[in-house]
Amino acid sequence: MVVALGLNLQWGHTGLFNAGVAAFVGVGAYTFGMLSTGKFADPGVNWYHWGPDQPWDLIAAALVSMAVAGFLGVLIAIPTLRLRADYLAIATLALGEIVRLIIKNERHFTGGDLDLQFIPRPFGAFVPEGAYSNGVFALVAIGTALGALVILEFLARLPWGRDLHAVREDEEVAMALGKDAFMLKLSSFGIGCAIMGLAGALSASYYTTITPDQFAPAATFAAYVVVILGGSGNNRGMILGGYLFFLFTWATQQIQGYVPSDWTLRLVYVNQMVIGLLLIVIIVFRPEGILPEKKYVPRTQ
Amino acid sequence: MAGSMEADDAASSPFEGPGSRFAIPRWAVAILVLIAAIVILWAIFVYYGGRRLEAGRPILQAVIQGLVVGSIYVLGASGLSLTYGIKKFANFSHGDMMTVGAYAAFTMNVIFAQNIFVGVAFAVLTLALLGVFLELAIFRQLEGRGPVSALIASVGVSLVLQNVLSAIFTTNVQYLGVTPPSDIPLLNTGLSFNVVKGGVTLLVSSALILFLHVLLKYTTLGKAMRACADDLDLARTSGVNTRNVILWTWVISASLAAVAGVLLAIIVNVFPLLGFFVLLFIFAAVIIGGIGSPYGAMLGGLIIGIVQKLSNVVFGQLQGRFFEGGAEYEPVGAFLVMIAVLLLMPEGIMGSRRHAMGGRLAALRSRWRSPEVKQPG
């Protein structure tokens, strides 16, 4: 959901097609994991990942992972944002793959394909593991999502947010009116990536173990389903889309118990298949999503 | 490490495109740069490998492998480039169409125990039908809605195809009923070459490229296809039945994808993500060659194939010096070349200026985004 909010800023509000979402989420998750677990050495198997000597405070770690993901976003954006939408998609997809390969292979730095483990959860000292821990985490996650939602709604109402819409609708007109379209896109991309980094930190903390392949391109497409389902350009639509998506995944997991055993595995694929179909159906029949963006100015069609 | 890429960029940037004072065609320059990069890498390997000729052998072997892999990319990329040229969107499902082709051949060849040629024919048939179906059911509805709607729809198609295949055939790795003979050594150079894996692939793809060339250059359909790629509206007003031409383009593009998929399945094996993994390389080939230019895509495919295999060797050598990963970084070199081309000459080696909207985005806006149709959302 938080991923979707960040993506919505880029795609929904500014019209930038970022196909490397998973990479930014991954960077956020790994930064958070590395900072919050600290330098980790296991003499038994003789591997470790880089990190500070003392584990960091979780909030500080989350903020830093936002900053790192945002910085990386800006770094990638500077050369690629000049590209047209479909080129941008391919370029970011390729860069995302490079990031994933680096995370996967640099074992001394990130733990590589040996996974990053024992990532703490917030309030881990007070709450024992199990259902309570999940509940507390859900509260923290919902709180973060709401916080991000409020900030983004606020940003969208600022002149900055309106400028973004102008850039999305017609870049030349916006530039003719004296708006610096490139800086606007850059800032939108950077903030969007930072929010994805925050989402990565949250998911790292939730799963407590992260592996590089969690951040494969498939995760990016899932985020797009959420954005397009909920209605691009509408932050509340993201929340709805996020919960619908989650409900759908949960429902498929529940059904698994009731189907013949040779179909339990295939149900995952059916799930993905339905997601793909949804994507096609929505884009063909209702491109504005379930909750369309509110139009402040009537448009002459 | 970046020897090939840096050389690539430095040499190709001063060119102003066709019609400039430089009379050397860009494709010739690209080939020369590629050969120069190979020679330089080979020389570096020989020099640091104790100045023995054997030290340069991995590079040459990589070039052979690259040619073989590249010729498959050529098939995929020229097909992708055909649809890109006419439909003006990046088809993310092209890789999965290749997978479908591989599985269609697998069904015939292994499950029904037919000859592999029957399998190929079946794959081509399946994919031609699939291409027509996709155009009629999805992409025709999205005409005039900008490149990104169709792109997202093709991502959806890609997800559906991948998972239908996973659900039917499971994700297990399967093999076609073709047992390639072992590699034969080439004279006494210490290099090796596989007749079935390499030779057949090169032969088939050269034949298909020749077929495509004749088709595009000398038949009415081919001329109509090029006209449509150039300017769809103009072609329509000139009396070309654009709908039919677009359908035929899908048939040809999908058939090429089918053959590419089967060849890939022979070299690697069959699994549902087969095509998705090579999709980015095919995009890279299309972009390097220039969007919408099938000839550029052919060249781009070879370049990407060779760069990929070279970076396999080079990163393998550098493993442990600067970074931990080695040959796993194989795609990185190819992607870096692609991104460099995107940034420095977005029109590609053989693309026309008209398709090059990237670097000068502010000045050139995509023509097909008519003002009254806004992007979804």
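By convention in this document, chain letters (A, B, ...) are assigned in the order of the sequence lines, proteins followed by strands, and residues within each chain are numbered from 1.
- When the candidates B:Leu279, B:Ile339, B:Leu280 are compared by the number of heavy-atom contacts under 4.5 Å with chain A, B:Leu280 comes out ahead.
- Heavy atoms only, all atoms of each residue included: A:Ala91 and B:Met338 are closest at CA-CE, 4.4 Å.
- When B:Gly156, B:Ala153, B:Ser154 are compared by the number of non-hydrogen pairs under 4.5 Å with chain A, B:Gly156 comes out ahead.
- Counting heavy-atom pairs closer than 4.5 Å to chain A, the top-ranked of the candidates B:Asn163, B:Val157, B:Leu159, B:Leu161 is B:Asn163.
- In this structure, chain A has no heavy atom under 4.5 Å from any part of B:Leu165.
- Counting all heavy atoms, side chain and backbone alike, B:Leu80 lies closest to B:Ser253 at N-OG, 4.3 Å.
- The aromatic rings of B:Phe92 and B:Phe283 lie tilted to each other, with the angle between the two planes from 30° to 60°.
- The main-chain N or O of B:Pro272 is never found under 3.5 Å from a side-chain atom of B:Ser166 such that the two would form a donor-acceptor pair.
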